[in-house]
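Every heavy atom of this structure was used, including side-chain atoms; hydrogens, water molecules and symmetry mates were not.
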Amino acid sequence: MSAAAGRYRETMSATSQRPDRNLAMELVRVTESAALASARWVGRGQKESADGAAVEAMRTILQTIAMNGTVVIGEGEKDDAPMLYNGEHVGDGSDPEVDVAVDPIDGTTLTAHGKTNALSVIAVGERGSMLDPGPSYYMDKVAVGPEGVGAIDITASPTQNLRWVARAKRESVRDLTVVILDRPRHADLIDEVRSTGARIRLITDGDVYGGIATAWPDAGVDILFGIGGTPEAVITAAALKSMGGEMQCRFSPQSAEESSAMTAAGFDLDRILTHDDLIEGDNCFFAATGITDGQLLRGVRFDRNGARTQSLVMRSRSGTVRMIDAHHRVSKLQEFSVVDYS
């Protein structure tokens, strides 16, 4: 074999490992299945049952996707999460090799209480592209949509960031709506934002929803502030990369034990990370399906003929964002889960 032929074969072999087809169009089946399985538990006050149904349904469909995936962000370590644990292999084992981040229910409490904005989400990137959060559970975050790109700095005060974003959008600070997780740790943040005259949408759960909403015009949100989950930040990054938004984060350990574990694992606690640090490269995929009604998506609707779902699917390389309305026949729903749909 000539040297040129050898280089060609190596190039083709490397290329074949990359996810060149639009995996998002296949991944939406995964989030649809999880949403359908958990939707029967909406408002029933049993978040563990809802989450269990979503996890099982998501794992079942994941195994049918043509990919060789490793779960980087899942339901926890293997001993604590029998399904979709960190490090689990998913897909049918064929190329491409990818990293996978899943959140079968972003908002288990929202689902259990029948509240708005519960989603099932998944993100996929090329192998080695996703930040493995390791022992990091929390990050301080600021996120904006396309109009606010270049106008945020996580090292500056919320007040200053609001002024910059308002200027970029040619609006007044009073026109802006800020989404913040309603937590005691955010008391000072909430007070400062209120002092600027900006409006606030407090959310009890749904960290992924909050980040995506900043880039979705119909959601009515301009910026996200506050400390939320590190795994959720990585998943949100896939969506914002596709939608043209921006996110900046920094690690925010909430205990001495978490801080020590992160330092021991080699994390730089002072590092500022962007969405491009959370998921490297320009070829990631994101899918989300509504479980309950919300500003992003309509929740699952059941009727005598089956069920309807609404989903978002995205790919960062093309910047394409699709909304998919689907109808599922009642005779087929049983295939998604052990939940009895009859």
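Taking each heavy atom of Val149 and Gly245 in turn, the nearest pair found is CG2-C, 3.9 Å. Closest approach of Ile235 to Ala101, counting heavy atoms only: CG1-CB, 3.7 Å. For the residue pair Pro133 and Thr230, the shortest heavy atom distance occurs at CB-CG2, 3.5 Å. Residues Thr214 and Ala143 approach most closely at CG2-O, 3.6 Å, considering heavy atoms. The minimum heavy-atom distance between Leu296 and Asn117, with the atom names listed, is N-OD1, 4.3 Å. Counting all heavy atoms, side chain and backbone alike, Asn86 lies closest to Gly74 at OD1-N, 2.7 Å.
Remark: side-chain polar atoms of Gln310 are not paired, donor with acceptor, to backbone N or O of Ile324 under 3.5 angstrom. With hydrogens and angles ignored, the 3.5 Å screen pairs no side-chain donor or acceptor of His328 with any backbone N or O of Ala307. Between the side chain of Thr108 and the backbone N or O of Ile105, no donor-acceptor pair lies under 3.5 Å. Using modelled atom types, one side-chain atom of Asp99 and one backbone atom of Met130 make a donor-acceptor pair closer than 3.5 Å. Under a 3.5 Å cut-off, the side chain of Glu26 and the backbone N or O of Leu23 do not form any donor-acceptor pair. Judged by distance alone, the side chain of Asp106 and the main-chain N or O of Asp103 form no donor-acceptor pair under 3.5 Å. Of the possible donor and acceptor atoms, none in the side chain of His186 sits under 3.5 Å from a partner among the backbone N and O of Ile180. Side-chain atoms of Thr292 never come within 3.5 Å of backbone atoms of Gly299 as a donor-acceptor pair (strictly under, hydrogens ignored). No donor-acceptor pair under 3.5 Å is formed between the side chain of Glu258 and the backbone N or O of Ala256. Without hydrogens or angle criteria, Thr111 side chain to Gly107 main chain gives a donor-acceptor distance under 3.5 Å.
Glu126 is not listed as a side-chain neighbour of Glu97, based on a closest heavy-atom distance of 4.5 Å or more. Residues Lys141 and Ile227 form no side-chain contact, since every pair of their non-hydrogen atoms from C-beta on lies 4.5 Å or further apart. In this structure, the side chains of Lys241 and Met314 stay at 4.5 Å or more apart for every pair of heavy atoms. Residues Ile223 and Leu162 have side chains in contact (heavy-atom distance under 4.5 Å, counting atoms from C-beta outward). Annotation: side chain of His327 is in contact with side chain of Asn305 (closest heavy-atom distance under 4.5 Å). Counting only heavy atoms from C-beta outward, the side chains of Arg201 and Val221 approach each other to under 4.5 Å. Under the 4.5 Å side-chain criterion, counting only non-hydrogen atoms from C-beta, Asn68 is not in contact with Val98. Between Thr204 and Leu110, some side-chain heavy-atom pair lies under the 4.5 Å cut-off.
Leu240 and Ile272 fall into different hydrophobic clusters, where Ile, Leu, Val, Met, Phe, Trp and Tyr side chains are chained together by heavy-atom contacts under 4.5 Å. Linking ILVMFWY side-chain heavy atoms closer than 4.5 Å, directly or via other members, places Val321 and Met323 in a single hydrophobic cluster. By the rule that hydrophobic residues join a cluster once side-chain heavy atoms approach within less than 4.5 Å of another member, Ile122 and Val208 end up as members of separate clusters. Val121 and Val28 end up in different hydrophobic clusters when Ile, Leu, Val, Met, Phe, Trp and Tyr side chains are linked at under 4.5 Å. Hydrophobic clustering (side-chain heavy atoms under 4.5 Å, transitive across Ile, Leu, Val, Met, Phe, Trp, Tyr) groups Val173 together with Ile152.
In this model, a donor atom of one side chain and an acceptor atom of the other lie less than 3.5 Å apart for Thr159 and Glu192. Arg29 and Thr64 are linked by a side-chain donor-acceptor pair at a separation below 3.5 angstrom, with hydrogens and angles left out of the test. If you check the side chains of Arg199 and Thr177, you find a donor sitting under 3.5 Å from an acceptor. No hydrogens or angles considered: nothing links the side chains of Gln46 and Glu48 as a donor-acceptor pair under 3.5 Å. Between the side chains of Ser120 and Thr31, not a single donor N or O lies within less than 3.5 Å of an accepting N or O. Of the N and O atoms on the side chains of Glu257 and Ser259, not one donor lies less than 3.5 Å from an acceptor on the other residue. A donor-acceptor contact under 3.5 angstrom links the side chains of Asp153 and Thr155, judged on distance only. Side chains of Thr289 and Ser311: a donor on one and an acceptor on the other come within 3.5 Å.
Atom OH of Tyr137 sits in a sparse spot, with 12 or fewer heavy atoms from other residues, nucleotides or ligands closer than 6.0 Å. Heavy atoms of other residues, nucleotides or ligands lying less than 6.0 angstrom from CZ of Phe251 number more than 12. Sparse packing is recorded around CG of Asp188, with 12 or fewer heavy atoms of other residues, nucleotides or ligands lying under 6.0 Å away.
Taking CE of Met139 as the start and CD1 of Ile154 as the end, the distance is 9.0 Å to the nearest 0.5 Å. Note: Leu119 CG to Ser38 OG = 10.5 Å, rounded to the nearest 0.5 Å. Note that OH of Tyr209 is 4.0 Å distant from CD of Gln295, once rounded to the nearest 0.5 Å. Atom SG of Cys249 sits about 9.5 Å away from atom CG of Leu131, to the nearest 0.5 Å. Interatomic distance, Asn161 CG to Leu176 CG, rounded to the nearest 0.5 Å: 11.0 Å. Remark: Leu84 CG to Glu75 CD distance equals 6.5 Å, nearest 0.5 Å.
Of the candidates Lys115, Arg308, Arg301, Arg298, Asp293 forms a salt bridge (Lys or Arg N to Asp or Glu O under 4.0 Å) with just one, namely Arg301.
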- Message: Run Val313 and Phe286 through side chain to side chain contact (heavy atoms under 4.5 Å, CB included) and show every step you take.
- Response: CA-CA 6 Å; Val313 296; Phe286 175 89; over 6 Å; no
- Message: The test is side chain to side chain contact (heavy atoms under 4.5 Å, CB included); show your working for Thr70 and Arg127 and say whether it passes.
- Response: CA-CA 8 Å; Thr70 299; Arg127 179 64 55 84; 3.4 Å; yes
- Please step through side chain to side chain contact (heavy atoms under 4.5 Å, CB included) for the pair Met67 and Leu62, ending with a clear verdict. CA-CA 9 Å; Met67 65 182 185; Leu62 264 175; 3.6 Å; yes
- side chain to side chain contact (heavy atoms under 4.5 Å, CB included) between Thr309 and Leu36, worked out: CA-CA 8 Å; Thr309 58; Leu36 286 164; 3.8 Å; yes
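With respect to Lys169 and Asp222, a salt bridge is recorded, a charged nitrogen being found less than 4.0 Å from a carboxylate O.
Taking the ring axis of Phe302 as reference, the NZ or CZ atom of Arg40 stays within 45° of it and closer than 6.0 Å to the ring centre.
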